Amino acid sequence: MSTPSKEATPETDPAAEKRARDERWQISRRGWTVLLSFLIVITLGLVGAFCHVPFVALGPGPTYDTLGSVDNTQIVQVEGAQTYPTTGQLRMTTVSLKREVTLFSAFGLWVSGRYALAPREEYIKPGQTEDEVQQQNVKLFQDSQSDAEVAAMRFLNHPVKVVVSEVTAGAPADRVIEPGDRLLRVNGKQITQAGDVVAAVEPTKPGQVIEVVLQRNGQERTVSVTLGSSADRPQGYMGIRGVDRADVPFKTTIHLQDVGGPSAGLIFSLAIIDRLTPDDLAGGQPIAGTGEIDTRGVVGPIGGIGFKLVAAAEDGAKTFLVPAANCAEALADPPPGLQLIKVETLAGAVQALEDRKAGRPVPGC
């Protein structure tokens, strides 16, 4: 009679025990591998979604018709002077700047082809707060408005005055000259533009006493300033900054919020001129542009010209005023159908717009 076979078990067969142990280990290892992979994916997702990278994203920003209105308020408003009707548009252009960019958003913006990434320190200095950056941009924008008004007044042959914008604390002029004072004569030299102040002090020496004729609260007065010394110059040092301001009996106000930087100067000047003259510079057409402008009407280069061209074309502009120094960059990849006009001065921009309206040749990039 045969003896029934006994099934091997881990308790009776060492080999079976080893196989069972290996199977448990493989199951456990697979489980740990899946868990670890899941944790890695979750970690990478969290890092990509919430970890900020040291870059900013630049892209096309909004455009504003300076001949139009925002929130029912005219952007360029002139009070106390005759103004003339305008047609068409004079659009200032901006660049969108995203200061906080995560790893995933940076990749998405870059892949879109609409934005470019740039090192954060190029736009926000180490240790600089967001509030400080905003205040700096607002100050640049306000200065741009003032310079645009002065440039327009000079073009229209209106008078310009020089006022003190700031006095350095502890400087020789401190407590003698005040911000807002109008400078008439400095060291015997008549002051008609801000550069005259520097020229008047050029031949002096530290310790020399000079007279400054100024106007404060409508009253003319003469004050004496004992010049100090400064490590960066051999001549005497007063410690004031003079700026050009329009000297007209009417008021020009630019109503535009949440915009920073100096690059709207050219378009602001053109809008002021268009309001104060019957020429109708835009001639019924949507015209855009950019360019920093100084009080003499010289147009300077700006950043982000490619993004501004795209924004202008998307908002319907057919003509774009480009600072001469930005022409090469503008020609790299201009939107189809957008005419590029090269400008170097405010007078040149006005002439180009008049020529364009009359069908005459204009300077192109």
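Note that the structure is a prediction, hence the values are computed from the model and not measured. Just so you know, these numbers use all the heavy atoms, side chains as well, and skip hydrogens, waters and symmetry mates.
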Separation between [atom1] of [X] and [atom2] of [Y], rounded to the nearest 0.5 Å:
X	Y	atom1	atom2	value
I254	F268	CD1	CZ	4.5 Å
D333	I305	CG	CD1	12.5 Å
L281	L90	CG	CG	6.5 Å
T83	D274	OG1	CG	11.0 Å

Open item on the list: For R233 and Q235, which I'm curious about, is there any donor-acceptor pair between the side chains at under 3.5 Å?
Closed with: no
Open item on the list: Between E314 and R114, does any side-chain N to carboxylate O distance fall below 4.0 Å?
Closed with: yes
- [ ] Output yes when D279 and K357 qualify as a salt bridge under the 4.0 Å nitrogen-oxygen rule, no when they do not.
- [x]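 Between K357 and D279 there is no salt bridge, as every charged N stays at least 4.0 Å from the carboxylate O atoms.
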TODO: Could you tell me which non-hydrogen atom of A347 sits nearest to which non-hydrogen atom of F155, and how far apart they are?
DONE: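 In this case the closest contact between A347 and F155 is CA-CE1, 3.8 Å.
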Task: Where T290 and K308 come nearest, the two heavy atoms and their spacing - done: OG1-NZ, 3.1 Å
Open item on the list: Tell me whether E178 at atom CD has more than 12 heavy atoms from other residues, nucleotides or ligands lying less than 6.0 Å away.
Closed with: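 Count over threshold, so yes.
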Task: Greater than 12 external heavy atoms within 6.0 Å of R175's CZ - done: no
Task: Cluster link V209 to L183, ILVMFWY, side chain under 4.5 Å - done: no
